[in-house]
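Here's the structure, in structure tokens; my notes come after.
Worth knowing before you read on, the calculation uses all heavy atoms, side chains too, and leaves out hydrogens, waters and symmetry mates. First listed ligand is number 1; within each ligand, the first listed atom is number 1.
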Amino acid sequence: MDSEEFRRHGHAFVDWMADYLAGVEDYPVMSQVKPGEISAQLAPSAPEEGEPMERIFADFQAQIMPGITHWQHPSFFAYFPANSSPPSVLAEMLTATVAPQCMLWQTSPAATEMETRVLDWLRQMIGLPEGFDGVIQDSASSACLCALLTARERATEWRGNEDGLSGLAPLCVYVSEQVHSSADKDVMVAGLGREYLRKIPVDDNFAMQPQALEAAITADIAAGRTPCCVIATIGSTGVGAIDPLASIGDICRRHGIYLHVDAAWAGSALVLEEWRWMIDGVAAADSFAFNPHKWLFTNFDCCAHFVRSADDLVRTLDILPAYLKTEEGDKVIDYRNWGVPLGRRFRALKLWFVLRSYGVGEIRRRIADHIEMAGEAAQWVEEEADFEILAPLSLALFNFRYHPVGIDDETELDRLNEELLRRLNASGDLYLTQNVVRGVYAIRFMVGQTYTQPHHVSAAWQAIQDTARSL
Ligand SMILES: *Cc1c(COP(=O)(O)O)cnc(C)c1O
């Protein structure tokens with residue numbers, strides 16, 4: 001493809017992109033295809049001869065788009081958001097075009113220096129104290145893995161990487177019962193063993209009980225095991241639980257345990273002063289991570305990972321073969337040492353575009369709007385006799401179920417709500433996901449998509465009521 005052809009297709013693609021975003025509501029939110037339907041249309045092997053872009057693009061529209069679930073649809077109320085925004089998409093186009101490899105300062109100085117600066121902008125925006133250094137990881141899962149590895153090395157006096165863990169006392173990790181499943185996976189990957197992952201009971205608000213944490217730590221020490229890391233969650237995935245950071249931090253300090261804070265979703269809400277109480281006590285944390293790729297209008301992947309001691313992180317992950325040495329040496333940051341993969345995309349650029357294009361004030365207003373819309377929806381649910389809230393509003397998330405008067409059999413209620421969710425998602429008009437709260441089937445309602453407006457939320461609530469009552 002020569003540059004004139006590239007220009008022509010590029011212009012046509014941008015037109016398609018603008019039309020897509022303007023008309024995204026015309027698509028069913030959740031893809032309506034059946035398993036295997038897409039692959040049945042794809043050639044079994046790559047073509048020998050190149051094909052014209054017109055044909056590839058036509059197939060993209062005809063064969064691929066039906067198999068897309070539209071995360072940028074304003075009636076997306078499932079999971080947590082994976083938001084993009086126009087400035088973020090424009091930046092991604094530039095990143096894809098320039099396509100630098102940002103593993104070392106020298107391999108693109110602007111990428112490294114911008115990453116440092118933009119992460120400090122974010123640090124200030126969310127009220128994280130000075131003394132935290134930021135790096136962009138691909139995901140909150142990766143940030144948590146880095147935390148566990150650093151905690152492991154500290155707890156083994158930096159011998160784990162060299163000698164392995166066999167022969168050592170087991171290293172224990174503490175999380176709440178509401179923790180994200182990525183903690184389990186990270187404990188497996190870090191070689192710590194799920195046997196030593198302690199799921200601490202939660203209180204009535206689904207938050208970790210500090211006394212129970214203390215008791216678990218004490219019991220492990222008494223049994224000759226080594227407490228290694230606590231992961232506190234700010235805004236759990238199921239119900240939006242907020243662990244008490246100040247008490248947890250005290251316990252970690254007293255026992256010399258590494259503290260990681262997972263605020264993957266809720267971290268974005270810290271742009272609002274009135275939510276800063278969620279991180280009271282964060283000064284005691286060793287690391288903190290949240291995902292601008294969820295609620296901060298920035299394309300996946302972009303996890304902001306802040307560490308108290310970059311030296312400890314780098315000491316944990318540093319490998320320096322001859323072919324990666326550069327003359328700048330210690331005078332600059334080489335982010336390759338701050339995470340697991342060597343290669344790195346230029347991810348800071350989209351954040352820089354988003355933060356400059358919206359400004360912090362507009363970002364605050366949009367997130368406050370999401371929280372307000374979710375609050376209103378929770379109110380509506382509360383007011384109906386045949387619906388019940390199972391986990392109250394936390395930021396912009398609540399859990400509820402349909403509970404018609406006269407039906408109290410739990411199995412029957414689970415079945416009804418499963419069927420309700422299935423029908424709602426099959427309608428294509430909205431997208432919600434399920435949860436289990438204190439043993440019962442619940443439907444999560446989360447407001448946070450970039451383009452969601454109040455009328456989308458009220459239409460969703462209307463659809464939920466109509467569908468439920470027609471069951
Ligand atoms: C979404 C989420 C994660 C995982 O995020 P990834 O970036 O996809 O790894 C971890 N923790 C919490 C609380 C989350 O909500």
Consider ligand 1: state whether an atom of it lies below 4.0 angstrom from any non-hydrogen atom of Cys303. no
Can you tell me which portion of Ser139 lies within the under-4.0 Å heavy-atom range of ligand 1? Options are side chain, backbone, both, or neither. both
With a 4.0 Å cut-off on N to O distance, would you call Arg364 and Glu274 a salt bridge? no
Are any of the side-chain nitrogens in Arg253 or Asp250 under 4.0 Å away from the carboxylate oxygens of its partner? no
With heavy-atom distances below 4.0 Å as the criterion, list the atoms of ligand 1 near Ser182. 10 (C)
Look only at interatomic distance and state if Asp262 has a nitrogen or oxygen under 3.5 Å from any nitrogen or oxygen of ligand 1. yes
Any carboxylate oxygen within less than 4.0 angstrom of a Lys/Arg side-chain nitrogen, looking at Glu410 and Arg401? yes
What I want to know is whether Ala140 and ligand 1 share at least one N or O pair that is separated by under 3.5 angstrom. yes
For ligand 1 and Ser141, I'd like to know whether there is a polar contact (N/O to N/O, distance under 3.5 Å). yes
Arg347 bridged to Asp138 by N-O distance under 4.0 Å: no
For atom 1 (C) of ligand 1, what's the nearest protein heavy atom and its distance? Lys294 NZ, 1.4 Å
Can you check whether Thr237 has an N/O within less than 3.5 Å of an N/O in ligand 1? yes
Should Glu419 and Arg423 count as an ion pair when the cut-off is N to O under 4.0 Å? yes
List every atom of ligand 1 that sits less than 4.0 Å from any heavy atom of Ala264, numbering the atoms from 1 in the order shown and giving each element. 2 (C), 3 (C), 10 (C), 11 (N), 12 (C), 14 (C), 15 (O)
Region of Asn291 engaging ligand 1 - heavy atom pairs below 4.0 Å: side chain
By number and element, which atoms of ligand 1 are closer than 4.0 Å to a non-hydrogen atom of Phe80? 15 (O)
For His293, the atoms of ligand 1 under 4.0 Å from one of its heavy atoms are 7 (O)
Leu413, Leu421, Leu416 screened by side-chain contact (heavy atoms from CB on, under 4.5 Å) with Tyr441, the one that passes: Leu421
With only distance considered, is Thr233 within less than 3.5 Å of ligand 1 through an N or O on each side? no
Residue pair Tyr174 / Asp220, side-chain donor-acceptor N/O under 3.5 Å: yes
Interatomic distance, CZ@Arg366 vs CD@Glu362, rounded to 0.5 Å, equals 4.5 Å
Less than 3.5 Å apart, any donor N or O on the side chain of Gln465 or Trp380 sitting next to an acceptor on the other? no
Which residue and non-hydrogen atom of the protein lie closest to atom 4 (C) of ligand 1, and at what distance in Å? His180 CE1, 3.5 Å
